[in-house]
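Okay, structure first, notes after.
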Amino acid sequence: MSLLAVEGLETHFFTRAGVVKAVDGVSFTLERGEILGLVGESGSGKSVTGFSLIGLVDPPGRVVSGMVRLDGEDLTTLSEAALKDRRGRVIAMVFQDPMMTLNPVLTIGTQMRLALKAHQNLARRAADARAIALLEKVGIADPRARLKTYPHELSGGMRQRVAIAIALLHDPKILIADEPTTALDVSIQAQILSEMKRLAKAEGTALIFVSHDLATVSVLADRLAVMYAGKIVEEGPIKAVLSAPRHPYTAGLMRSLPSAAKPGARLPQIPGTAPSLADRPPGCAFAPRCAHADTLCQTEPPRTADGARAVRCHHPLAP
Amino acid sequence: MSAFLNADALVRHFAPTLTFGDRVAAKLGARVETRAVKAVDGVSLTVNKGETLGLVGESGCGKSTLGRMLAGIMSPTAGTVTLDGAPVRTGGAKATTRVQTVFQDPFSSLDPRMRIADIIAEGPLVHGLATRAERDRLVSENLTRAGLPPAFGVRFPHQFSGGQRQRVAIARALAMAPDVLICDEPVASLDMSIQAQIINLFLDLKEELGLTMVFISHDLSVVRHLSDRVAIMYLGRIVEEGATEDVFAAPKHPYTAGLLASVPRLDLSGTAQPLAPIAGEIPSPLAPPAGCHFHPRCPRAIPRCGTETPVLRPVGAGLAACHLAAEEQAPAN
């Protein structure tokens, strides 16, 4: 059995302008120690998928159907109290902005002790020892001294390391990281990506890495899921998907990368823009931008699976 | 080719504004920040006509400050910027309309209460570059050039997506008929599929209009694609400069090499290059390390690097500011 099995997850936002289907039937599985890259552009539903897994969707949003089975237990049926017990302990989250995790008026030490106390009864010395061990693990020098500092005394990269350390305090089975390196500088991003990959492999923590950037995901993920307008349109082992994408959207993204083109040459761009989720075209949402689209694409495309790979398209590209 | 846009020994410091009370407190030993940030610390560079210069660096390296001084919208603490021999700033104000800027965030660079046509026409009308009668033609011409239908002129910025707004910002800059376009991270806040569209737009404009461009970005793959020449900055100084292909193929400065090895890169085979991150953090620009600013993070630093500031000097076909750079160079014969 997979560690995590998400089936038919639908998260809708009931806004005055109508129902926005941010997540529209997402299914995937995650194994122990596996790193899944969840990639999509803004509004594709990748972040909302992450939030939905741990019941962090605020009104007017709501998970309207689907299952999130973690070790056989469906998280969507749990009470708020039960969810609170799972969050941070079994499934933890790291955000793009570390200040979403960190409280600006508390020292790092206090915050880490509080996070530990939420699920465990530890004496102060034991808590400090655990906190120091985690800070060390995420590559923070002189961790004992850091416990006494406030978030504003740390750089952006350090803060993100602390946020990751806090997320890992209880040895969660799953870590959801929502664009954790987007706000960081290139050289610091490289450090954090390398650390996260190392930690996931060393601790056996499964990682869902949400990102808007294929190149970033490609350095650490084992498997890739590409989202478009609320649906996963293609998934599979990362190298297989990127070397021979089967969905025209994935293929289009790969071709439009400047790093893949001859310098100075026009990039083979995808025309148009992603649809607004409140006003989704019928059938395949990518059809208006797709070179392969025909009348069949006005209907919902089927999901065809082939071994570890799956694609949601009427006209998948030849393997 | 001759130097078109020229920056000579540019310096820009940002000093905290101290009240009398702050000064007294500082004298008495209170922790008041009195140090100035040397955002740009002696930068000289030239951009030739029709050339695109990529300006690369991480946050706090001074690339945006340098870009603003090149555009004439910020006054340097010392040094001068000239375009075709004439200063871009005189008497504390911008003195030319020939340099225009496109900013990173198209959500804050467009006035939300103005219609697109007014946003585009405002500059040319104010500066007398166009008459009222020419207004409509000017607007539709530049919208078309930026890849938007002329009918969009009656709309407001909030009716557009990020990519379309960036096109409006580009149309606004083009309406001034500039010779030089300073682009400060113009694709950084755009989605993957939209980035390629805007990059293509810049390529088209460069070819059609023969624009000279300074392209500021932290994204090396974008810079590589668009620039003829690149300058790499670290903590206020240029550490390496050269033809794009030379710099990317054989970086002369250890920081450039480290930066290149830190960027996730993907090719069509789907293989990612493993990352080799630079150790350590970017030091505070308030107290940059002595000597070569990069030496505490440099894997090859020697004692001299901590005491003596390396000057930007010819190494191979380009320029590098590194004490060790020349030693690797094959002897010329």
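Per chain, numbering begins at 1; letters A, B, ... match sequence-line order.
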Checked B:Val263, B:Asp204, B:Asp228 vs chain A; the most non-hydrogen pairs under 4.5 Å come from B:Asp204
Of A:Gly264, A:Ser256, A:Gly156, A:Gly157, the largest count of non-hydrogen pairs under 4.5 angstrom with chain B goes to A:Gly264
Checklist entry - Does B:Tyr255 reach the side chain of B:Ile232, with side-chain heavy atoms less than 4.5 Å apart? => result yes
query: Should B:Val239 and B:Phe294 count as side-chain neighbours, where that means a heavy-atom distance under 4.5 Å?
result: no
The interface call for B:Leu226 against chain A, heavy-atom contacts under 4.5 Å, is neither
Near B:Glu207 CD, under 6.0 Å, is it more than 12 heavy atoms from other residues, nucleotides or ligands?
-> no
B:Glu245 and A:Pro263 have their tightest heavy-atom pair at OE2-CG, 3.6 Å
Taken to the nearest 0.5 Å, the spacing of A:Leu253 CG from A:Gln269 CD works out to 12.5 Å
So, the part of B:Ser161 with a heavy atom under 4.5 Å from chain A: the answer is side chain
The interface call for A:Pro245 against chain B, heavy-atom contacts under 4.5 Å, is neither
So, the part of A:Leu257 with a heavy atom under 4.5 Å from chain B: the answer is side chain
Turns out that what part of A:Val39 lies under 4.5 Å from chain B's heavy atoms comes down to side chain
Pair count under 4.5 Å, heavy atoms only, with chain B: among A:Gly43, A:Ser187, A:Ser259, highest is A:Ser187
Of A:Asp185, A:Asp213, A:Leu214, the largest count of non-hydrogen pairs under 4.5 angstrom with chain B goes to A:Asp185
Under 4.5 Å to a heavy atom of chain A? For B:Ala261 that would be neither
Cut-off 4.5 Å, heavy atoms of chain B, and the answer for A:Lys262 is backbone
Under 4.5 Å to a heavy atom of chain A? For B:Gln195 that would be neither
Does B:Arg155 qualify as a cation-pi partner of B:Phe152, given the criterion of NZ or CZ under 6.0 Å from the six-membered ring centre and within 45 degrees of its axis?
yes
Notebook entry, point to check: Less than 4.0 Å between a side-chain N and a carboxylate O, is that true for A:Lys201 and A:Asp222?
Noted result: yes
So, the part of A:Leu184 with a heavy atom under 4.5 Å from chain B: the answer is neither
In A:Arg309, A:Arg246, A:Arg223, the residue satisfying salt bridge (charged side-chain N to carboxylate O under 4.0 Å, His left out) with A:Glu234 is A:Arg309
Would you say NZ of B:Lys206 has more than 12 non-hydrogen atoms from neighbouring residues, nucleotides or ligands within 6.0 angstrom?
yes
- request: Taking atom CZ of A:Arg266 as the centre, report whether more than 12 heavy atoms of other residues, nucleotides or ligands fall under 6.0 Å from it.
  value: yes
Comparing B:Ser227, B:Ala276, B:Ser221 against chain A, the one with the most heavy-atom pairs below 4.5 Å turns out to be B:Ser221
Most contact-rich option vs chain B, by heavy-atom pairs under 4.5 angstrom, among A:His212, A:Gln191, A:Met158, is A:Gln191
Bottom line for B:Leu203: the part with an atom under 4.5 Å from chain A's heavy atoms is side chain
